[in-house]
Structures are given as C-alpha cells and as structure tokens.
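Computed over heavy atoms, backbone and side chain alike; hydrogens, waters and symmetry mates excluded. Letters A, B, ... mirror the listed sequences (proteins, then strands); counts begin at 1.
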There are 2 protein chains.
Amino acid sequence: MYIGIDLGGTNIVAGIVDENGQIKYQESVPTMNERTSEAIIQDIVNLINIAIEGYKIPRKDIKAIGIGIPGLVDFKTGNVARCVNLNWKDVPLASMVENAAKIPVFINNDATVAGLAEFEAGIMKGYQSGILLTLGTGIGGGIILKGQIYDGAHGVASEIGHMVVGENFYDCNCGKNGCLETYASSTAIIKYTKKLMVEDKIYSSIFEKLNGNLDTLNGKIIFDAAKEGDAVANQVINRMAKYLGIGIVNLINVIDPDIFIIGGGLSKAGTFLLQKVREEVNKNIHYNTIATGKIELSQLGNDAGLIGAALLGKHRN
Amino acid sequence: MYIGIDLGGTNIVAGIVDENGQIKYQESVPTMNERTSEAIIQDIVNLINIAIEGYKIPRKDIKAIGIGIPGLVDFKTGNVARCVNLNWKDVPLASMVENAAKIPVFINNDATVAGLAEFEAGIMKGYQSGILLTLGTGIGGGIILKGQIYDGAHGVASEIGHMVVGENFYDCNCGKNGCLETYASSTAIIKYTKKLMVEDKIYSSIFEKLNGNLDTLNGKIIFDAAKEGDAVANQVINRMAKYLGIGIVNLINVIDPDIFIIGGGLSKAGTFLLQKVREEVNKNIHYNTIATGKIELSQLGNDAGLIGAALLGKHRN
C-alpha cells in the first residue's frame, strides 16, 4: 500500500492507494494557501496519520508516501524549488514529512504524477511512452518514456505550458510571449473571450448567461456556449484547439511518444475539444506515411493526481 | 572497425572509422542527386569496396556499415521514408546495401548520427543527454538521452527544425508557419536579409560585397557583414539568435538535456553566434535557481556525419 498526497492551491487530498492504483481511502482539507509552509506541511502530516488510522492499516504496511506539488522540484536538493500558488521557494517538503511520518517520501510535479497515474492505471496503460497535458488555470505536462517518469537532466523537463508556440497579444506570467498556456489554459480562453466581447465589442450569448457580469466567466461557460453555436465562443475554442494542435505537433517533432493525453479541468469538454485538436494535429503533420501518437482524453480525471502521487513510491522502489 | 557513409545532397562520403570515432580512411564522390536511387546506392556500394581495398582491411574486420541520410527513416520497414533533396520515397537503402556488401547495415537521420558522433567522440563526451542542432540549409536535430540515440516511438523525434516557435512572414516547406528553420537556417537568414534590402529598401554594405547581385548571398556573407557592424546584417543575426533562443528554451522546458550543441554550416560563425544565443536563452529561463543545459559549439564539424554514421553499428551491437 502507498499513501498519495495531492497538494493543490485549493485542497490537500490524501489517500491510501494499492499497487494497481485503486484508491482505498480518501480524506481532504482546504489548503488555505495564505498560511506558512510549516502550517501546510503540518496538515499533510496530520492527514497521513488520519488516513492510516481511518483505513486501520499498520504503519509498516505503507511502503512509501508520494506528494504531487503544483510547482518545480529541485532534484539536486530534494526540495520544492518553487510553487507560485503557495508562494513557496526552496521548501524541504519531503524531508520534513519523512522526519515526521517515518516513511520514505517522494515528491514530483502534479502533472508528472498525473501522467504516471494514467500510465499505471489509466489510458496510457500498455504504452511505453506518453505525454499528458493538463489543461487548467495553467498547462502542466507529464512525460513517460520507456515506462518511466522523464524528468530531464535538471528536473525541469515537461514544463509544456511554457513551450512557445506563437506570438500572442499578451505575455505569459513567466515573462515570455507565446507560451502554450497563454493560448489553451482556462485563463487564456477567458482572456481571449473578454478581449473579443469587451475590446472588439462583438456580441456573444455569454453576456446573457452571465447577466452582464464578465467577472464570473469560466472555461465551462465558454465551452457550453461554443457547443450551443455561439460565434465568439467558437472562435475562442477554435483558436485554443489550433495552438494545442501546434503544441502537440511540436511534441511529435521533438519527442514522438506513443500517445498524448488531454487532462485537467478543460478536458471535461470531452470529444467536442478532442475532435478539434485531432483535426489540427492532422493538418500539421508533414510526413503522412509514418504513424504518429494517438490523442485521447484522460481516463482518471481528478483522481490522477492522488493515484500518481501514491505510485511515485512504487516507481522509485 | 566500422564503415560510415555520409549521404548528402552534394557528396557521398565514405570512411573507415575506429571504435573511438577516429577517421582512418576517407573517400568521396559527387551525389548527382538527379539520378535514380539505384544508381546512387550502387555508388555507395562501390565506395564501400574502395574503402575496404584502399585501407587494406579484411572485410570480416568491418563490424558494421552505418549510413546517415538527409531525411526520415521508417523504422517499421527499415526503409528511407523520405529524402526531399534526393527525391526519395520509401527506398530500401539498408537492405540493398547489406545484400551487396554482406555486412550489417544501420541507417539513421544525418543530424541524429552527428549527435551520436559528438556524444562518442566530441563535445558531448561524458554527458548522458544532449541535443545537437545542425544549422544549415534547413535545421536538423540529434537527441541523445541516457547515453543512447533517441528516435521516438515512430522514429520521427528530433525533427527540431519543424518545431513552431513564432509566427513568420513566410511559410515553411512543410506547410506550417513559424518553424524554427524559417528563422535560423541559412535559407531563413538569406530570405530575411533580402526582405530588408529589397522589400523594405534598407541600405546594407552587403549590396557592395555582392556587386549588386543578391543571388549569390549566403550565410557566411551575412555573418561577415554583421561582425563588421552592418546594421541590416546585425538585425538579421539578432533575429536568428532570438528564435534559436526560444527554440532552445522550448527544448529545455520539454527535454531538459545536459548540453546543447550548435553545429552545421552556420556554426562556423563561432562565438559571435554562440554568445548571442546564450544571452537569448538566459533571458527566457523563468526558474533561475535551477541550472539548465550548457550551450556549446560542435567540436567535430563536418566530420560528425561520417563518424556518427560509422558508430551506429557500435551503438546497436
């Protein structure tokens, strides 16, 4: 058995997960990310103890604890290098939890562990290589090569949201222009919808849906409007799919995996989004005699982060 | 001992190469690429025999023959899938040479084998992962991960010249817009120089250098003019470096190797280009506490193609 922790900006989820990636027990608390890292880490330790007691499992039967973090790990120090949402910089998360819990602790990026979950227990099962793109507030990436997590030489591989794929009307938080996440995250499609409606003054049914209050706009509302035929929403989603297509073709031209997986909150748009992305990819492949990676939707959805975190220990042992 | 063949659009070079990547014997003939694939392959077989006789080595002491091709290999069939310069499509190069020479034959993309050469005998020696970018008429890529050639699941990985990094004023041969090779190949910088001089009518010392005949413009002339302070040439090279920087940062964000190597004809511009590229990469790295890959110039230059082709056999055995 393994314990997984999905450390998010909103909630901390802890779970007991078996070797096959089945969640056996689950508990969560709000992150309250304005607190210190020490307070949040204390909550993680408490959740671990609650899970062990709640599932009534002897502590010695837990092989490892895995934590998926919304940021970058510095594999040289073993510390969390940076979590923008939590305002963490160089936090020794793994060693602090390990000292308290007396169980080996492994940490990795949340999208990377979600990729591992899809490989071990989801849509990537049976493939040797795959890339998961998590489309949420930003865009994360998880890369599996030869059946293993691929972290790169300095642990910064798979930062797919910051791959430049075009030239955009606004800069990315990272300082660059044209990052994939400025085209295909929920932040990006909200921004582009507002630009069309407010700046370019184009009418959209979204205005009525929100009773005129654009501050409550979110990705789901845009996708719903697009499915209903709203022109602005369709322009937004088609642009998102265009750049996702470019991003995936870039990844084919560089990594060429067996399979791509679309995950994260926006993937709930389902085949409506998937079909558009597949079409854009097909348009941009310049060698048509050779097969390239399949493109599918995530199978584990929200559970991927928890399952993948837990299975970090299985993967490292 | 190994035999390497560097099959280019202009020349076919054959050589006998030892285990350490030292060239012991070398011979070449013009490719005359308007001929049939059969005629060109016959020349390759003849060159192999000439090399064996010229170096006076018993045929049984040649462990393998490796061929670097200016195109894509279909690893499923073992055939050359496509060589645009040679007008080849689905040519069974390896099996035809193997049948004639009675020695095992391995083939791979020319930039990939050049990367292998730098790994075995050049600037990448001692590193576990690296990416070679060959800046020539187009841009090729060679990826080494965990000490091995990385081809991807369908053999189309490392087509780095076709990674989209911006939105450009002309389309790539592949049909897409914004491919790295439309910014940073010799074709690209010639095109942009002409655009500035002819379309935008900006004065450049290049006009005098060429006695007014822009048809003879090449990469070296642009770099020479830039080094002498010509404003147009500097604008062109700075733009090239900017997009090379974006391309390398994309590769850091996706693959994160130990080292990047700038090779191909344009790399003869040396530290003048290297410094600019390093500055552009540093500008675009958004996590400054973690080290990222070094960026260096190719060490083996023109010989990399021959040496790497020869060492394909060492690598596969």
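Chain B forms the most heavy-atom pairs under 4.5 Å with one residue out of A/N168, A/I255, A/D90, and that residue is A/I255. For the options B/N284, B/D151, B/I160, heavy-atom pairs under 4.5 Å to chain A are most numerous at B/N284.
Heavy atoms from other residues, nucleotides or ligands lying under 6.0 Å from CG of A/D171 number more than 12. Shown here is B/N87, whose CG atom has no more than 12 heavy atoms of other residues, nucleotides or ligands within 6.0 Å. Counting non-hydrogen atoms of other residues, nucleotides and ligands closer than 6.0 Å to NZ of B/K125 gives a total of 12 or fewer. Heavy-atom neighbours of A/N173 CG from other residues, nucleotides or ligands within 6.0 Å: at or below the threshold of 12.
Expressed to the nearest 0.5 Å, how far NZ of B/K146 lies from CG of A/L145 amounts to 8.0 Å. We find the CD1-CD distance between A/I246 and B/E167 to be 7.0 Å, quoted to the nearest 0.5 Å.
Between the side chain of B/D256 and the backbone N or O of A/G155, at least one donor-acceptor pair lies under 3.5 Å.
A/K76 does not touch chain B: none of its heavy atoms, backbone or side chain, sits under 4.5 Å away. Proximity to chain A is limited to the backbone of B/V73, based on heavy atoms less than 4.5 angstrom apart.
Of the residues listed (B/V165, B/L251, B/N250, B/I252), the one engaging A/M163 in a side-chain contact (heavy atoms from CB on, under 4.5 Å) is B/N250, and it is the only one.
Counting only heavy atoms from C-beta outward, the side chains of B/V249 and A/V164 never approach each other to under 4.5 Å.
Across all non-hydrogen atoms, the minimal contact from B/A153 to A/D258 is CB-OD1, 3.1 Å.
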